[in-house]
Structure formats: structure tokens, C-alpha cells
Amino acid sequence: MSHHRAIALVFAVHGAVAGTVSTRMPWVQDHLALDPGTLGMALLCPPIGAFIGMPMAARVAHRFGSRAATRVLIGLWCAILVLPPLAPSPVWFGAALLLFGFGAGMSDITMNAHAVVLERRLGRSIMSGLHGMWAVGSLAGGGVGTLAAQAGIDARIHIGLVAAVLLAVSVAAGRGLLHDDRSDALADAPAPRRFALPSRAILPLGLVGFCAVFAEGASANWAAVYLTHVTDAGPGLAAAGYTVLMLCMAGMRLAGDRFIRLLGPVTAVRAGGLVAVLGGVLVVTARTPALGIAGFALVGLGVAVVMPLVLTAAGNVGRTASEGVTGVATITYLSGMVAPPVTGWLADGLSYPAAFTAITGVVVVMLLLSRVVRPSAASSPQPVAEGSLVTRP
């Protein structure tokens, strides 16, 4: 298995784990007799766990190497997948979700850091496609979960089987990952802090990523509601807004590396920003479902490649790839958490179109800061054939 295919499988597995657990939350709610408020409190645990785990991941990757850290952490996260449906009480359910988020955050950092190292060695863009594979995995995990729920299969059985399959796939993929090299891992650099926060050099990149993830999170969480209240869309068309948005993002990420190689990172972000701004304007002015859905589709297409480019740039700016990725991921994860409630507050205090006018303004900020993703000379090696990379059994 090539190194590129191996890390792509890791991304797909990570997405599948996330997609699997989210589809069976109704089963867990019924099984534990959770009221909406209790379930809402429990669902705060994964982001809290991820927020705790992410800043620690750089130290782990530095000590053991991104390959070993990715192999172990993605395997552990597959194993942790079985815990939420096995929880005997709401307290244990919250604890399981906290551990689930911790594993999600740490494995997310190390696999992205490893992807930065491989991309640097190959001398060509691969990060966008890898994030597209995450979306494919998430859709696959969610699809299997939907079928299992429809068939009335006990979530403990369904998730246990899925976890075993994903664990086997992650082990096979881990064997094909690129072995760490001292020049990539910067083993002679000072070890990152045990709880690494974003450095000053990372902040501009973090702001670009913050803007992209804010627009993505706000659109994904509010597209259906916006179409319902502003364009009088029925339930089917309103749901289609979310589906089209996510499909456009996934498709663009899968194809995005070709555009990045053709245009370069800065132009790719600028072009994406212009498309997303156009989409935002269309959303704000739309009064029919078709135009609203088209606007959300353009937003998804426009922001799709920005986060992969930001992660690559951050991995090349930091003293190590994992430290740079950790800094940006911490900022952008916060963006994903605050975007939905902030959008709701703006819509409640002003109006839905006013809220998405503000979101379009956030995309304009991203567009204006696009130059910060420009790669440095040190991070732009000559292309190397993958078959010539050093491998060891």
C-alpha cells in the first residue's frame, strides 16, 4: 500500500467513526431515558475532551513520531467507539463521550501532522483530498448507521461490529504510513510544551481557518432552518440545503488538490473566498428555495479547500508539523463550537438574512488574509516519486 493511500484510509476511518456514533444518539437517548437537556449536556463532553486532548498531541507526536502516534491513536479511537452505547447511566455516558472526544482530538492532530510531513516529502498537494476522504468516511459511517437504526439493530451490536471492522482497517492502513525521518520530525528541536497553545506565528493562519470554519459551521447548522423561515421551503427542500452544502464540500475537497497545484495556495484561497462571498450574497438575497440552496452550495465550494491549506501552512510554520497543526486546530475547533450559537443569537436579535450578512463578512476577512497561506521556500521541496521514499518493514 502506498503512503498516500494509507493516510487516506486513516482519514476515512476517522470520518467513519464520527459518522457512526452520531447516527445512534437517538438509540442511546431512549436506552438511558435521557431528556433533551441531559442529552445536550452530555453532547458538550466530546468538544471538551477534544479541547483537552488537542494541545497534548504535539508532545506525543514529537516524542514517538507522527507515524507511531497516528497508528496508536486512530486504533484507540476505533476501540473507544464501543463505549458510549455500553454506558449504564447518564454519568458514564458523559464520561464515555469525554474520552471519545479526547481520542478524536488527539488522533485528528497526529494524522494531519503526518499528512503534512508526507505532503512535504511528495512535493505536491494532497491535504484537500485527504479531508475529502474524511467526508466520504463520515457519509459511509452515517449511512450504515442509518440502515442499522432503520432495521432496529441494537446499537451495541451495530457499533461493536463497526468498531471491529474499522480497527482492522486502521491497523492495515497504519502499516503503510510513511516512516518518520529526522529532517521531517525535527527531532533535535525543543520538545513542545505538554499543553501547547497557538504561537504568535500561527495566529494569522488560525484566523483564516477560524473564518472558514465559522462559515462552514454556521451554514451546516442553520441552512435548513434558514431555508424554512426565509424562503418558505418545505421539510424536504430545507434538508436538501444541508445535503447539497455537504456534498459540494466533500466533492470539492476530493478534487481540490488539482486546483491547488494549478492555482497555488494563495490564489486557491482567494478564488474560494470569492465563490463563498458570492454564495453568501445569494443566500442573503434569496427568497426562493432554489436560490437559497444554490447560495449554500457556493459557500460549501468556496470554503472547502481553505482548512486543508491552513493546516498544511501551519504544519510547515511550526517547529514541528504536529505543533503547527495543534495551534491552528485549537483555534479552528473553537470556531466550530461558537459559530452555531452566534448565528442563532444574531438571527434572534436581528434577522436570518442579517446573521448571514455577518457570516459573509467573516468570509471577506478570510479573503483579505489569504496571503498568509503562502508556502515558505523551506516547505516547498522538489517533487519526489512516492516509490522512491524510504520505507522499512
Side-chain angles (χ1 to χ4, degrees), residues 1-18 50 53-78 103-134 137 166 169-187 189 191-192 196 202 253 257 307-330 332 375 379 381 384 386 389-393:
M1 183 185 300
S2 72
H3 304 312
H4 189 179
R5 289 178 181 173
I7 191 61
L9 264 182
V10 170
F11 271 75
V13 167
H14 196 283
V17 173
M54 281 180 169
M56 299 180 182
R59 183 68 172 252
V60 173
H62 178 87
R63 180 168 181 178
F64 299 104
S66 64
R67 180 181 189 268
T70 298
R71 293 182 69 184
V72 172
L73 289 171
I74 193 66
L76 283 176
W77 198 40
C78 291
M106 291 198 75
S107 56
D108 185 89
I109 293 297
T110 57
M111 73 186 194
N112 274 287
H114 189 80
V116 169
V117 172
L118 178 58
E119 188 174 69
R120 188 187 302 158
R121 294 284 299 277
L122 293 175
R124 57 186 171 88
S125 175
I126 63 170
M127 188 68 83
S128 180
L130 295 179
H131 281 250
M133 287 299 297
W134 189 98
L166 293 178
V169 174
S170 71
V171 169
R175 292 172 180 165
L177 294 177
L178 174 70
H179 283 264
D180 294 297
D181 181 87
R182 290 185 63 86
S183 63
D184 289 325
L186 297 181
I202 292 296
R253 282 179 172 163
D257 290 315
M307 192 58 201
L309 283 170
V310 166
L311 287 168
T312 293
N316 289 317
V317 166
R319 293 179 301 178
T320 65
S322 57
E323 190 170 6
V325 169
T326 297
V328 158
T330 303
T332 56
S379 65
V384 178
E386 188 165 352
L389 297 182
V390 177
T391 58
R392 293 184 290 276

Margin query: Restricting to side chain to side chain contact (heavy atoms under 4.5 Å, CB included), what partner residues turn up for Ala8, sequence neighbours left out?
Written below: Leu130, Met133
Next item on the list: Go through the structure and list residues passing side chain to side chain contact (heavy atoms under 4.5 Å, CB included) with Ala104, not counting sequence neighbours.
Entry: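 For Ala104 the side chain to side chain contact (heavy atoms under 4.5 Å, CB included) partners, ignoring immediate neighbours, are Trp77.
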Next item on the list: Measure from the side-chain N and O atoms of Ser66 to the backbone N and O of Thr110, and report whether any donor-acceptor pair falls under 3.5 Å.
Entry: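 Pair absent, no side-chain N/O of Ser66 close to backbone of Thr110.
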Note to self: Looking at Leu73, is its backbone amide N or carbonyl O close enough to the side chain of Ser107 to form a donor-acceptor pair, meaning the two atoms are under 3.5 Å apart?
What the structure shows: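 No, Ser107 side chain to Leu73 backbone: no donor-acceptor pair under 3.5 Å.
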Any side-chain heavy-atom pair of [X] and [Y] under 4.5 Å:
X	Y	answer
Asp108	His14	yes
Met127	Leu309	no
Arg71	Phe64	no
Arg67	His114	yes

Of all heavy-atom pairs between [X] and [Y], which one has the smallest distance, and what is that distance?
X	Y	result
His179	Arg121	O-NH1, 4.5 Å
Val13	Cys78	CG1-SG, 3.5 Å
Gly129	Asp257	N-OD2, 2.8 Å
Leu9	Ala173	CB-CB, 3.7 Å
Trp134	Met111	CD1-CE, 4.0 Å
Ala61	Ala69	CA-CB, 4.1 Å

Note to self: Run the side chain to side chain contact (heavy atoms under 4.5 Å, CB included) test on Met56 and Met106 for me, step by step, so that the C-alpha distance in whole Å, both residues' side-chain angles and the decisive distance to 0.1 Å come before the verdict.
What the structure shows: CA-CA 7 Å; Met56 299 180 182; Met106 291 198 75; 4.3 Å; yes
Would you give the length of the straight line joining atom [atom1] of [X] to atom [atom2] of [Y], rounded to the nearest 0.5 angstrom?
X	Y	atom1	atom2	value
Ser2	Ile7	OG	CD1	11.0 Å
Leu178	Leu118	CG	CG	5.5 Å
Leu122	His4	CG	NE2	7.5 Å

Margin query: Which residue in the set Leu311, Thr330, Asn316, Thr312 passes side chain to side chain contact (heavy atoms under 4.5 Å, CB included) when paired with Val325?
Written below: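 Of all the options given, the one that passes is Leu311.
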Checklist line | Residues which pass side-chain hydrogen bond (donor to acceptor under 3.5 Å, both in side chains) with His131, listed by chain and number, not counting sequence neighbours | finding: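 His131: side-chain hydrogen bond (donor to acceptor under 3.5 Å, both in side chains) contacts with Asn112.
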